[in-house]
Amino acid sequence: MCQVGEDYGDPAPEAPLPPRPGRELKCVKCKEGLPTVVIRAGDAFCRDCFKAFYVHKFRAVLGKNRLIFPGEKVLLAWSGGPSSSSMVWQVLEGLSRDSAKRLRFVPGIVYVDEGAACGQSLEDRTKTLAEMKLILQTVGFPWHIVALEEVFSLPPSVLRCFAQEPAGTKGAYKAAVDSFLQQQHAPAPGEEQLSQSGTQDLQSPAVLPTAAQTEAQPPTAAQTEAQPPTAAQTEAQPPTAAQTEAQPPTAAQTEAQPPTAAQTEAQPPTAAQTAALFRLFDSVKTLTAKEELLQTLRTHLILHVARTHGYSKVMMGDSCTRLAIKLMTNLALGRGAFLAWDTGFSDERHGDVVVVRPMRDHTLKEVAFYNRLFAVPSVFTPAIDTKAPEKASIHRLMEAFMLRLQAQFPSVISTVYRTSEKLVKAPRDGSADGPPGTRCLLCTCTLDIDTADSATAFGAQTSHLSQTQPPTPPAEAPTTPCCSAAVGRAQGCCWGAGPCGRGDPRARVIEQLCYGCRVNMKDLPSLDPLPPYILTEAQLRSQRAWVLQEMQEYLVEDSDDEAQTGES
Amino acid sequence: MPAPQCASCHKARAALRRPRSGQALCGTCFCAAFEAEVLHTVVAGRLLPPGAVVAVGASGGKDSTVLAHVLRELAPRLGISLQLVAVDEGIGGYRDAALAAVRRQAARWELPLTIVAYADLFGGWTMDAVARSTAGSGRSRSCCTFCGVLRRRALEEGARLVGATHVVTGHNADDMAETVLMNFLRGDAGRLARGGGLGSPGEGGALPRCRPLQLASQKEVVLYAHFRRLDYFSEECVYAPEAFRGHARDLLKLLEAARPSAVLDLVHSAERLALAPAARPPPAGACSRCGALASRALCQACALLDGLDRGRPRLAIGKGSRGRDEVGPPGAPRERKQVGTPASEAVPTF
């Protein structure tokens with residue numbers, strides 16, 4: 001016994017360590033480095049391997065989907081939070097890589113200042129904005145700061161879907177990459193001199209306007225400073241040629257745009273607009289509906305920024321964890337038909353501007369560790385549900401539930417996430433759709449409402465016979481007694497709890513909404529505080545529908561369903 | 001504070017606020033509205049055609065009690081006839097009391113009642129025996145897996161026995177909402193793709209099944225039972241409740257508190273979920289032993305019983321398929337003959 005004890009006597013001081021050397025205190029990937037992060041149970045990564053793993057994931061998502069074409073303008077939606085900050089940093093890093101692995105799109109950043117909706121004071125908002133700008137300047141991409149108040153000056157066209165020819169085939173992507181590479185390489189051998197000098201020429205004017213700006217606007221100074229290092233790099237480093245070749249498009253881009261377009265910063269919103277926004281959010285009765293409204297307005301604003309500045313893609317920084325929570329939340333909000341749109345990699349509902357979610361393979365834990373290890377700056381801004389009790393909204397409830405369940409069953413989030421990938425965007429077959437082509441006024445999804453009389457959850461809530469009369473066979477019950485035949489579009493008009501008819505603006509808006517948006521609207525007692533673009537577009541649409549219907553009466557239809565129409 | 005007037009008849013004092021709409025109604029108006037809604041579901045969904053012989057799966061609990069009562073009220077108008085079918089799982093101390101409640105109901109409503117027992121259908125296996133057999137396998141929770149699969153089969157057998165053309169069960173909107181939440185949390189894309197409707201039209205020779213209460217929330221079901229003074233049995237089964245469904249149930253309660261329409265919103269989502277064709281389960285075949293609907297060589301009920309007979313109860317519910325499709329000892333022929341259903345009916349038509 002003593003012998004044995006003496007054997008171990010020496011390493012006794014290291015007593016807490018023994019189990020660890022036994023388990024190889026090495027990174028699971030390279031088997032050499034000192035592990036710093038355990039992402040999944042048992043998988044310890046060293047710093048470098050973790051970085052490689054993280055970066056690879058980001059690029060793999062983009063590479064796998066092949067949606068972002070070289071040279072395309074991409075707007076990064078940045079909230080200041082960890083995930084979107086990490087996304088911006090990934091893009092920044094991807095753009096500064098050597099030529100073969102460089103990301104080839106042209107990024108810009110949009111930040112939406114939601115302080116007014118989240119109850120921030122004006123001083124706090126200016127403070128947050130200053131912090132944001134500091135980070136934006138170090139990043140050096142063109143940026144756009146918009147205040148949520150600007151929804152009051154949005155044009156109604158934001159709500160329209162501009163169809164675009166599908167460019168998504170793999171062949172098209174390959175062709176685009178090839179032509180892009182050719183554009184870059186073609187001038188190189190032939191007109192090397194010219195291109196070189198061209199680059200120089202282009203670059204100096206590119207700097208000049210910003211320098212001019214520097215005098216006008218103090219904040220741009222840092223931005224201008226951020227520019228020269230890249231130029232210096234271009235000259236100093238050996239792979240200069242490749243980089244200079246890659247430079248022209250961006251430089252040309254900068255020149256092509258009016259120099260001021262690089263950074264747009266809205267004038268501070270007027271007090272009247274802020275007050276209007278306050279009034280709007282104050283009038284919403286539940287936090288659930290507030291969160292949904294905020295999300296809707298934010299999406300519209302970002303879409304507007306993207307359209308006015310010619311961005312054809314918007315990148316959102318939703319992480320895998322966030323998407324799993326969002327999926328379950330939207331399920332509970334009655335948005336089951338749109339889950340694939342709301343949480344999938346790409347979202348083409350707006351037509352000309354496609355929303356992509358490149359962070360969807362990263363868990364929140366990975367994001368947090370990466371940001372900490374590699375000092376990715378992020379800014380904390382109070383959200384609309386910050387400090388709200390857990391039961392205050394469906395969103396908060398679902399978030400708390402999922403995170404708690406994840407602590408008990410560590411695979412829940414990834415299970416939900418993987419299930420979401422099996423969802424498709426096409427409507428479920430066999431389900432009755434609204435009139436073809438009609439889209440929800442607010443979320444721009446194809447309407448998912450049934451006829452008021454169907455045996456569905458929607459039909460059960462809209463059918464009338466339940467409320468008033470004692471049971472009668474529905475054959476005798478008229479469909480919707482309160483809607484006159486002239487109006488015709490009976491469904492939904494009675495869900496708004498308002499008097500019916502073409503004149504009632506509330507009914508007019510409600511009938512243009514999908515199921516989920518209708519439920520939210522029930523928490524909004526009056527539509528008046530809504531931004532004008534929504535109301536205007538609603539009026540336009542219902543007018544158009546009405547005209548169409550008027551016209552329909554005079555059109556002679558040459559088909560065989562006359563007998564049917566006669567019956568009904 | 002005096003109760004407000006009923007919003008529907010404007011005569012009686014309101015006795016409740018409807019959970020769904022917040023409307024203040026008197027008991028009579030509420031019950032009438034509830035019945036009208038079930039009628040609407042049945043008629044608009046074309047669930048039960050006139051002339052149907054409907055087997056109501058009666059457990060003695062609130063849902064099936066309310067379902068049987070509502071359908072009995074509606075039967076003349078729908079032109080259907082009702083048969084109560086109860087299943088005796090053989091759970092000592094629990095099922096006997098529930099079955100007593102079912103017998104009382106049947107006697108009061110003068111509806112024919114048929115009780116089918118696991119012990120008779122499945123070669124002597126009662127749930128108590130199954131529980132004893134699975135107890136050694138570590139997870140007593142799997143009891144519910146056995147019981148659920150076997151009850152489904154037993155109900156089908158019972159319905160055939162009484163010559164029913166349709167089977168109805170008392171699942172309500174809350175059950176549906178819980179199931180959707182749970183299937184997402186478990187990643188069960190197959191069930192998500194299949195579920196959502198009000199029932200199945202009866203593929204592969206199985207009787208058409210439907211859930212007429214699926215659009216009524218549990219609260220309303222309880223309220224209806226209260227106002228109609230229905231006598232039902234409300235005790236939890238002695239075997240462990242399903243742990244994972246418990247999470248979904250708790251969540252649903254919280255969601256409903258945050259937004260009263262959440263239950264129906266979830267049902268709407270479930271109706272509208274669109275899954276990739278690859279996620280849909282393959283077309284069902286027939287069980288090689290009993291001829292019932294099956295997605296593998298043996299239907300789940302036969303597979304479970306097979307495992308039990310061979311002393312390996314985890315066989316069909318455990319991970320992996322090793323040994324599952326091996327032919328066990330030729331089990332006691334416990335096919336339909338035992339309950340007197342002609343075997344020819346079991347042959348599915350493709």
Side-chain angles (χ1 to χ4, degrees), chain A residues 286-288 327-328 330-340 390-394 396-398 401 405 409 412 415-416 418-420 422-429 431 448 450 453-461 463 465-475 515-516 519 522-523, chain B residues 7-8 20-21 23 29 32-37 39-47 73-74 77 173 177 180-181 183-189 192-193 196-198 215-216 244 247 250-252 254-255 257-259 261-262 264-279:
Chain A
T286 61
L287 186 60
T288 309
L327 180 108
M328 295 300 286
N330 284 359
L331 193 70
L333 293 173
R335 295 184 57 79
F338 314 128
L339 291 182
E390 190 185 305
K391 291 179 181 175
S393 76
I394 303 257
R396 288 278 292 128
L397 264 174
M398 203 54 101
F401 173 80
L405 205 61
F409 305 91
V412 161
T415 305
V416 172
R418 269 186 289 111
T419 315
S420 81
K422 298 192 177 120
L423 296 164
V424 291
K425 288 169 187 160
R428 184 183 185 130
D429 33 270
S431 60
D448 63 337
D450 312 85
D453 249 6
S454 56
T456 56
F458 177 79
Q461 289 174 77
S463 73
L465 71 171
S466 57
Q467 295 303 338
T468 46
Q469 316 114 323
T472 44
Y515 182 95
V519 179
K522 279 201 271 187
D523 292 339
Chain B
S8 180
R20 176 189 284 176
S21 56
Q23 223 180 1
C29 287
F34 185 87
E35 283 162 17
E37 279 164 14
L39 179 70
H40 174 252
T41 308
V42 172
V43 173
R46 297 200 185 88
L47 299 181
E73 297 284 313
L74 301 177
R77 201 167 297 148
V180 181
L181 287 173
N183 283 341
F184 257 106
L185 296 175
R186 292 194 318 189
D188 196 337
L192 285 172
L198 289 164
L215 303 177
F244 210 68
H247 289 291
D250 296 345
L251 173 65
L252 188 70
L254 292 172
L255 290 176
R259 173 175 264 190
S261 69
L264 276 179
D265 296 347
L266 275 163
V267 174
H268 174 84
S269 284
E271 285 167 358
R272 291 301 187 142
L273 278 181
L275 278 115

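Here the structure is a predicted model, which means the values were calculated and not measured. Values reported hereafter were calculated over all heavy atoms of this structure, with side chains retained and with hydrogens, waters and symmetry mates removed. The sequence lines fix the lettering, A, B, ..., with proteins before strands; numbering per chain opens at 1.
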Contact class of [X] relative to chain B, heavy atoms under 4.5 angstrom:
X	answer
A:Leu287	neither
A:Leu331	both
A:Arg335	backbone

What residue in B:Gly197, B:Ser261, B:Ser269, B:Ala177 has the most heavy-atom pairs under 4.5 Å with chain A? B:Ser269
Out of B:Leu254, B:Leu47, B:Thr41, which one racks up the most heavy-atom pairs below 4.5 Å with chain A? B:Leu254
Check: B:His268 ring centroid to A:Tyr515 ring centroid under 6.0 Å: yes
Measuring heavy-atom distances to chain A, does [X] have an atom under 4.5 Å in its side chain, in its backbone, in both, or in neither?
X	answer
B:Ala173	neither
B:Leu192	both
B:Ala193	backbone
B:Leu255	both

In this structure, OG1 of A:Thr419 is separated from CG of A:Leu327 (nearest 0.5 Å) by 8.0 Å
With the side chain counted from C-beta on, respond yes when B:Leu185 and A:Phe401 share a heavy-atom pair under 4.5 Å apart, and no when they do not. yes
In the structure I gave you, are the side-chain heavy atoms of A:Phe338 and A:Leu423 within less than 4.5 Å of one another anywhere? no
Would you say B:Glu271's side chain and A:Ala457's backbone share a donor-acceptor pair under 3.5 angstrom? yes
Max heavy-atom pair count under 4.5 Å with chain B, selected residue of A:Glu390, A:Met328, A:Arg396: A:Met328
Salt bridge (Lys or Arg N to Asp or Glu O under 4.0 Å) with A:Asp523: which residues, sequence neighbours excluded? B:Arg259
Excluding sequence neighbours, so at least two apart, what forms side-chain contact (heavy atoms from CB on, under 4.5 Å) with A:Lys425? A:Ala340, A:Trp341, A:Ser346, A:Glu348
